[in-house]
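Encoded as structure tokens, the structure appears first; notes follow it.
Both ligands and their constituent atoms are indexed starting at 1 by order of listing. In this chain, residues are counted from 1 in sequence order.
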Amino acid sequence: MADAVHVASGKVRELYELDQDRLLLVASDRISTFDVVLPTAIPDKGRVLTGLAAFWFTRTRTLCLNHLVTVRPDGRSTECRRLAMLPIECVVRGYLAGSGWKDYLALGEVCGHRLPAGLRESDRLPEPIFTPATKAQTGHDENITRDEAADLVGPDRLAEVEHLSLELYRFACAHALERGIVIADTKFEFGLDRAGRVVLGDEALTPDSSRFWPADQYVPGMPQPSFDKQFVRDYCERTGWDKTPPGPELPPDVVSGTRARYVEAFERLTSIKFDDYLADPTVVLR
Ligand code: Q0N
């Protein structure tokens with residue numbers, strides 16, 4: 001990695017250039033909550049997310065091309081194909097939460113999808129909906145209409161990524177629900193390869209790119225606990241932190257409890273022991 005050039009930073013991930021056609025995506029153990037990265041890391045969080053994304057890429061290859069080349073022995077670095085990323089975030093919602101719930105309350109619709117009256121917070125939608133967003137300058141994603149999305153990528157591309165996003169979500173949602181996890185919504189990022197084909201990039205179907213809820217605690221009509229971050233959120237609320245940076249340091253029991261939740265999500269979804277992944281990360285690629 002000594003000769004890898006840094007090309008981009010996210011809140012908790014870094015992207016490096018390996019050569020003309022390949023990038024290295026490195027997931028750190030940093031955790032964010034209420035949009036702030038906390039000073040305390042969650043050991044192995046980056047490995048859980050990397051392994052889970054690689055698992056989904058491997059399982060969905062017949063649905064959609066993806067950028068995965070391989071996972072490195074460190075378990076947190078993904079070698080991937082370099083793409084020309086499309087300037088939209090492809091969000092799919094199966095349940096009414098977050099900005100989807102806010103928009104429904106204010107407008108009775110989400111990104112132009114007219115929804116039935118009388119839905120409650122966290123209700124399952126009659127059908128999953130595609131609700132594209134843009135990365136606004138503020139750093140906060142902004143929901144856009146189908147027409148705005150079509151202006152950004154073209155109507156045919158939009159129809160293609162909408163179809164792929166819904167197929168990917170339906171597959172993952174069914175798989176996860178059988179294993180006790182509700183994937184309430186998720187965000188995909190697609191790009192184009194040299195041949196101009198649409199390819200799934202970024203990380204996909206991880207708890208950082210999705211809302212994961214414990215299925216056995218699902219009660220619509222209120223906000224749902226987060227499968228992975230609930231201990232962190234509860235602790236942050238107890239400290240009375242005002243949610244502006246810097247965030248609080250996390251005590252050891254919150255760190256270990258949160259690490260255990262990430263590992264549990266990995267093991268439930270992949271049916272692979274996390275220790276087996278640590279010993280050889282390529283177990284998720286088979
Ligand atoms: C790419 N992002 C999203 C920090 C910032 N395969 C790819 N080819 C070209 N560009 C990208 C990818 C991918 N994935 C994706 N920025 C560039 C923002 N991030 C993602 C992770 O790390």
Side-chain angles (χ1 to χ4, degrees), residues 1 3-33 35-38 41-42 44-61 63-72 74-92 132-144 149 152-153 157 160-161 164-165 168-169 172 185-210 228 262 281 284-285:
M1 260 223 16
D3 47 354
V5 178
H6 185 247
V7 290
S9 286
K11 275 198 301 226
V12 301
R13 293 176 303 148
E14 308 290 337
L15 198 55
Y16 300 87
E17 172 175 281
L18 291 174
D19 57 44
Q20 271 218 335
D21 343 285
R22 287 178 314 140
L23 299 177
L24 191 68
L25 192 50
V26 183
S28 74
D29 291 339
R30 295 191 292 275
I31 187 167
S32 70
T33 189
D35 268 329
V36 174
V37 177
L38 301 181
I42 305 299
D44 292 324
K45 170 176 176 279
R47 292 190 175 92
V48 165
L49 269 60
T50 298
L52 201 48
F55 167 83
W56 290 119
F57 284 139
T58 302
R59 291 290 171 301
T60 61
R61 291 161 65 161
L63 295 180
C64 178
L65 293 171
N66 65 65
H67 74 163
L68 173 69
V69 177
T70 196
V71 177
R72 290 201 166 171
D74 69 7
R76 66 169 73 253
S77 308
T78 305
E79 289 184 24
C80 50
R81 294 272 164 236
R82 186 170 215 158
L83 307 171
M85 300 305 289
L86 298 178
I88 59 169
E89 318 232 296
C90 293
V91 178
V92 179
T134 50
K135 287 192 202 268
Q137 299 91 321
T138 59
H140 244 130
D141 299 349
E142 208 169 81
N143 287 342
I144 56 177
L152 288 168
V153 302
R157 276 301 175 224
E160 190 176 357
V161 297
L164 291 171
S165 298
L168 288 163
Y169 176 77
D185 51 40
T186 196
K187 179 200 76 175
F188 300 108
E189 295 196 31
F190 294 92
L192 305 180
D193 68 9
R194 277 177 200 276
R197 296 176 300 188
V198 170
V199 179
L200 177 62
D202 206 59
E203 66 177 358
L205 299 160
T206 67
D208 274 10
S209 65
S210 320
D228 45 300
Y262 280 105
V284 295
L285 307 179

Which protein heavy atom lies closest to [atom], and at what distance to 0.1 Å?
atom: atom 10 (N) of ligand 1; answer: Met85 CG, 3.4 Å
atom: atom 20 (C) of ligand 1; answer: Asp202 OD1, 3.4 Å
atom: atom 17 (C) of ligand 1; answer: Leu15 CD2, 3.3 Å
atom: atom 7 (C) of ligand 1; answer: Leu23 CD1, 3.6 Å
atom: atom 8 (N) of ligand 1; answer: Leu83 N, 2.8 Å

- Message: Checking contacts here: is it the side chain or the backbone of Ser9 that comes within 4.0 Å of ligand 1, counting heavy atoms only? Could be both or neither.
- Response: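 Ser9 to ligand 1: backbone contact only, side chain stays beyond 4.0 Å.
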Show which atoms of ligand 1 fall inside a sub-4.0 Å distance from at least one heavy-atom site of [X].
X: Gly10; value: 4 (C), 5 (C)
X: Leu25; value: 21 (C), 22 (O)
X: Arg82; value: 8 (N)

- Message: I need the minimum non-hydrogen distance between Thr58 and Leu285, along with the two atoms involved.
- Response: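 Minimum heavy-atom contact is CG2-O, 3.3 Å.
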Are any of the side-chain nitrogens in [X] or [Y] under 4.0 Å away from the carboxylate oxygens of its partner?
X: Asp35; Y: Lys11; value: yes
X: Arg194; Y: Asp21; value: yes
X: Arg30; Y: Asp208; value: no
X: Asp228; Y: Lys45; value: no

- Item | Phe57: ring pair (Phe, Tyr, Trp, His ring centres under 6.0 Å) partners, not counting sequence neighbours |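 Result, ring pair (Phe, Tyr, Trp, His ring centres under 6.0 Å) vs Phe57: His67.
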- Item | Residues forming a side chain to side chain donor-acceptor pair (under 3.5 Å) with Asn66, sequence neighbours excluded |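 Not a single residue meets the side chain to side chain donor-acceptor pair (under 3.5 Å) criterion with Asn66.
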- Message: Check this for me - ligand 1, Arg81, N or O atoms closer than 3.5 angstrom, yes or no?
- Response: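 Yes; at least one N/O pair falls below 3.5 Å.
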